[in-house]
Amino acid sequence: QVQLETSGGGLVQAGGSLRLSCAASGRTFSFFNIGWFRQAPGKERKFVAAISWRGATTYDTDSVKGRFTISRDTAANTVYLQMNSLKPEDTAVYYCRAVDFRNPSSEYWGQGTQVTVSS
C-alpha cells in the first residue's frame with residue numbers, strides 16, 4: 001500500500017507561483033510513475049503533468065507548457081509540481097496519482113490540494 005499526501009496549495013494572485021508536493025509513505029516511490037491532475041468545479045479531472053520512474057516528463061502542453069515543472073526527489077519519496085505565472089484558469093483541486101510501472105493496476109491517489117488563483 002502507498003499513501004500519498006498532497007500539499008502546497010493555496011490562494012495566489014495571477015502571475016504568482018506555488019509549489020505542490022506529493023509525498024509517499026508505505027513504499028518507495030522508486031518504481032512509480034507519478035502524475036498530477038486537476039479538477040475545476042463542475043468539470044472533469046484532467047491531466048497536467050507526469051514524471052516516469054526513470055525521470056522522463058510529460059505535460060499537458062496546451063495549458064501548462066513553459067509554466068509548470070514536475071520533478072521528483074527519490075530520496076525524499078516526493079514529487080513536486082512547480083507552478084509559475086499562474087492564471088485564474090489554473091484554479092482547481094490538484095491531485096497526484098502514483099502507478100507502479102511493474103504492476104499498472106496498482107494505482108493510488110492523493111487527497112488533493114486546492115489552488116485558487118485570483119485575477
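- Listed by chain and number, the hydrophobic cluster partners of Leu11 come to none, as no ILVMFWY side chain reaches under 4.5 Å of it.
- With Asn77 contributing its side chain and Ala23 its backbone, the two residues share no donor-acceptor pair below 3.5 Å.
- In this structure Phe37 satisfies the ring pair (Phe, Tyr, Trp, His ring centres under 6.0 Å) test together with Phe47, Trp109, sequence neighbours excluded.
- Between the side chains of Ser17 and Asn84, at least one donor-acceptor pair of N or O atoms lies under 3.5 Å.
- Of the inter-residue distances, the one linking Ser85 atom OG with Arg67 atom CZ reads 7.0 Å to the nearest 0.5 angstrom.
- In terms of the side chain to side chain donor-acceptor pair (under 3.5 Å) criterion, residue partners of Thr6 (sequence neighbours excluded) are, by chain and number, Gln111.
- The shortest heavy-atom contact between Ala14 and Ser119 is CB-CA, 4.4 Å.
- The line from OG1 of Thr113 to CH2 of Trp36 is 7.5 Å long, rounded to the nearest 0.5 Å.
- Contact of the Asp60 side chain with the Val48 side chain is not registered, since no non-hydrogen atoms from C-beta on lie closer than 4.5 Å.
- By the side chain to side chain donor-acceptor pair (under 3.5 Å) test, Arg102 is found to be paired with Asp100, residues two or more places apart in sequence or in another chain being considered.
- The list of ring pair (Phe, Tyr, Trp, His ring centres under 6.0 Å) pairs with a residue in residues 68-102, not counting sequence neighbours, reads Trp53-Phe101.
- In this structure, Ile70 CD1 and Cys96 SG are separated by 9.0 Å, a value rounded to the nearest 0.5 Å.
- Residues passing the salt bridge (charged side-chain N to carboxylate O under 4.0 Å, His left out) test with Arg72: none are found, sequence neighbours excluded.
- Within the structure, the salt bridge (charged side-chain N to carboxylate O under 4.0 Å, His left out) test picks out the following pairs touching residues 106-119 (sequence neighbours left out): Arg97-Glu107.
- For the pair Gln13/Val117, no side-chain contact is recorded, criterion being any heavy-atom separation below 4.5 Å from C-beta on.
- With sequence neighbours left out, the side chain to side chain contact (heavy atoms under 4.5 Å, CB included) criterion links Thr69 to Tyr59, Gln82.
- Taking hydrophobic clusters as Ile, Leu, Val, Met, Phe, Trp and Tyr residues chained together by side-chain heavy-atom distances below 4.5 Å, Val115 shares a cluster with Val79.
- Remark: Gln114 pairs with Thr91, Val93, Thr116 by the side chain to side chain contact (heavy atoms under 4.5 Å, CB included) rule, at least two apart or across chains.
- Shown here are the salt bridge (charged side-chain N to carboxylate O under 4.0 Å, His left out) partners of Glu89, two or more places apart in sequence or in another chain: there are none.
- Note: Ile34 CD1 to Ser71 OG = 12.0 Å, rounded to the nearest 0.5 Å.
- Taking both residues in full, the closest heavy atoms of Ala24 and Val2 are given as CB-CG1, 4.1 Å, listed atom of the first, atom of the second, then distance.
- Atom SG of residue Cys22 and atom CD of residue Glu5 lie 9.5 Å apart, to the nearest 0.5 angstrom.
- By the side chain to side chain contact (heavy atoms under 4.5 Å, CB included) test, Asn103 pairs with Ser105, Ser106, sequence neighbours left out.
- Side-chain atoms of Thr58 and Ile51, non-hydrogen and from C-beta on, never get closer than 4.5 Å to each other.
- Pairs passing the salt bridge (charged side-chain N to carboxylate O under 4.0 Å, His left out) check and including a residue from residues 33-54, sequence neighbours excluded, read Arg38-Asp90.
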